[in-house]
2 protein chains.
Amino acid sequence: MSPRGKVLNDTMRSETLQKITGGALSIFAEYGFYGATMKKIAEATGLSYGLIYHYFKSKEEVFIYLVNLALMKTREIFEKSLTQDGDPWEDLNTLSKTLIEESLTGDSVLFFHIMLQALAQGKHLPELKEHIDKNSQLIFEKMIHVVVKGQAVGKVVEGNPIALITSYLSMIQGLALYMFQDGSIPSIITHEYLLNVLRK
Amino acid sequence: MSPRGKVLNDTMRSETLQKITGGALSIFAEYGFYGATMKKIAEATGLSYGLIYHYFKSKEEVFIYLVNLALMKTREIFEKSLTQDGDPWEDLNTLSKTLIEESLTGDSVLFFHIMLQALAQGKHLPELKEHIDKNSQLIFEKMIHVVVKGQAVGKVVEGNPIALITSYLSMIQGLALYMFQDGSIPSIITHEYLLNVLRK
DNA sequence: GTCTATACACTGATAGAC
DNA sequence: GTCTATCAGTGTATAGAC
């Protein structure tokens with residue numbers, strides 16, 4: 001999972017490693033796991049081909065490393081926004097605002113694209129599927145509390161909470177896909193449209 | 001675009017061609033354009049490797065053919081559902097019901113997966129992007145009329161119609177992505193959750 | 001740590017037998 | 001129409017010089 005088995009998740013070992021992961025992120029996001037090649041990644045970083053193998057032992061390991069990074073960033077957003085100690089609708093508002101205004105803009109959207117590629121093509125990377133499933137479940141559990149509480153106070157629309165959350169998360173992934181093609185879309189989409197999914 | 005340049009879109013030339021497109025559909029849907037190989041496709045059809053090249057001149061041509069098929073099926077659904085001569089909300093209800101209950105179930109979902117793969121990785125197939133953009137625009141135009149009319153009669157929520165439609169279409173693509181992983185989700189998602197995006 | 005050169009398998013596409 | 005055999009090019013990963 002982690003390169004050379006010693007790198008911590010919070011701080012990168014060296015500047016070179018940052019260059020590699022940065023280049024790999026953009027290439028994997030654009031071409032997917034199979035379409036990305038080590039040659040393209042090397043060219044994107046400006047470094048030499050063989051050097052990547054000094055930091056990662058395989059292409060698959062680079063990809064899994066980046067997906068885990070994306071999973072961590074995503075979970076962090078959900079955990080920070082859903083404080084669960086005040087108005088549940090306020091939590092959902094903060095979450096939606098953060099997702100639309102921060103996660104789906106600039107370079108941050110690359111992490112969503114990586115997730116997209118992992119979901120669309122990662123069926124044959126078992127280790128990947130495990131991590132994704134585990135993290136998705138944690139996010140789901142976190143949201144269920146807020147949604148149910150929101151329904152109790154009459155702010156969230158009726159319906160199966162699992163179905164509502166699935167709808168919500170689906171729209172985010174779908175929006176990320178749209179922004180893949182056309183970068184001009186985000187400007188007209190505000191968090192209010194995302195909240196429409198849950199609003200009573 | 002069309003195999004050997006003479007095949008009509010409505011009727012397949014032979015049973016063999018159907019086998020090829022069927023196998024190719026499932027492989028492309030699962031692996032994406034780059035991850036799919038002609039060998040895998042041949043194995044999925046049960047036919048020999050070289051035979052595919054008797055019907056299509058390249059892997060790219062097979063993919064583009066299938067994406068166009070998916071685009072046509074998608075457009076057909078939108079055009080049939082949005083009659084535009086009655087209650088606009090009724091149109092949106094019909095559309096949502098068809099999408100959830102027919103398009104996102106069984107083998108039909110493979111066409112959405114193909115679209116997903118094309119959107120996620122088709123940036124470097126220019127011919128593809130053209131067709132997708134053209135068809136997307138037609139769908140958008142068709143929907144705008146209904147959404148604006150729905151807002152006029154107070155059934156559709158306020159907001160930028162383009163943003164509302166983008167939200168709606170994003171959720172569908174996102175749901176297709178979810179069903180890629182977990183086939184059990186569709187059972188709890190009804191068209192009502194999709195309509196929540198537009199409901200006032 | 002960083003680079004170039006290379007081994008080796010796989011892929012897309014073609015040729016040609018039946 | 002259908003098949004097997006094959007070619008040229010590309011891809012991952014490694015070896016080894018500096």
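In what follows, chains carry the letters A, B, and so on, assigned in the order in which the sequence lines appear, proteins first and then strands, with residues in each chain numbered from 1. As the structure is a computational prediction, the values presented were derived from the model and not from experiment.
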A:K19: which residues meet the side-chain contact (heavy atoms from CB on, under 4.5 Å) condition with it, sequence neighbours left out?
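Only A:L47 meet the side-chain contact (heavy atoms from CB on, under 4.5 Å) criterion with A:K19.
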
If hydrophobic clusters are built from ILVMFWY residues whose side chains come within less than 4.5 Å, do A:I52 and A:Y55 share one?
yes

Would you please name every residue forming a side chain to side chain donor-acceptor pair (under 3.5 Å) with [X], sequence neighbours left out?
X      : answer
A:N160 : none
B:Q121 : B:Q117
B:S96  : B:Y168

Go through A:L92 and A:V156 one step at a time and tell me if the side-chain contact (heavy atoms from CB on, under 4.5 Å) criterion holds.
CA-CA 10 Å; A:L92 293 171; A:V156 171; 3.9 Å; yes

May I have the distance from [X] (atom [atom1]) to [N] (atom [atom2]), rounded to whole angstrom?
X     : N      : atom1 : atom2 : value
B:I27 : C:dT11 : CD1   : C1'   : 15 Å
B:E61 : C:dG12 : CD    : P     : 15 Å
B:I41 : C:dA13 : CD1   : P     : 10 Å

Output one letter per nucleotide in nucleotides 3-18 of chain D: B when a protein non-hydrogen atom lies under 4.0 Å from the base, S when only the sugar-phosphate is that close, - when neither is.
BB------SBBB----

For B:N68 and B:Y65, what are the C-alpha separation, side-chain angles and deciding distance, and is it a side-chain contact (heavy atoms from CB on, under 4.5 Å)?
CA-CA 5 Å; B:N68 279 326; B:Y65 177 78; 6.0 Å; no

Using a strict heavy-atom distance below 4.0 Å, which residues from residues 113-126 of chain B are in contact with DNA chain C?
none

For A:G35, is there any backbone N or O sitting under 3.5 Å from a side-chain donor or acceptor partner on A:K40?
yes

Is the phosphate of D:dG1 approached by B:H54 (side-chain N or O, under 4.0 Å from OP1 or OP2)?
yes

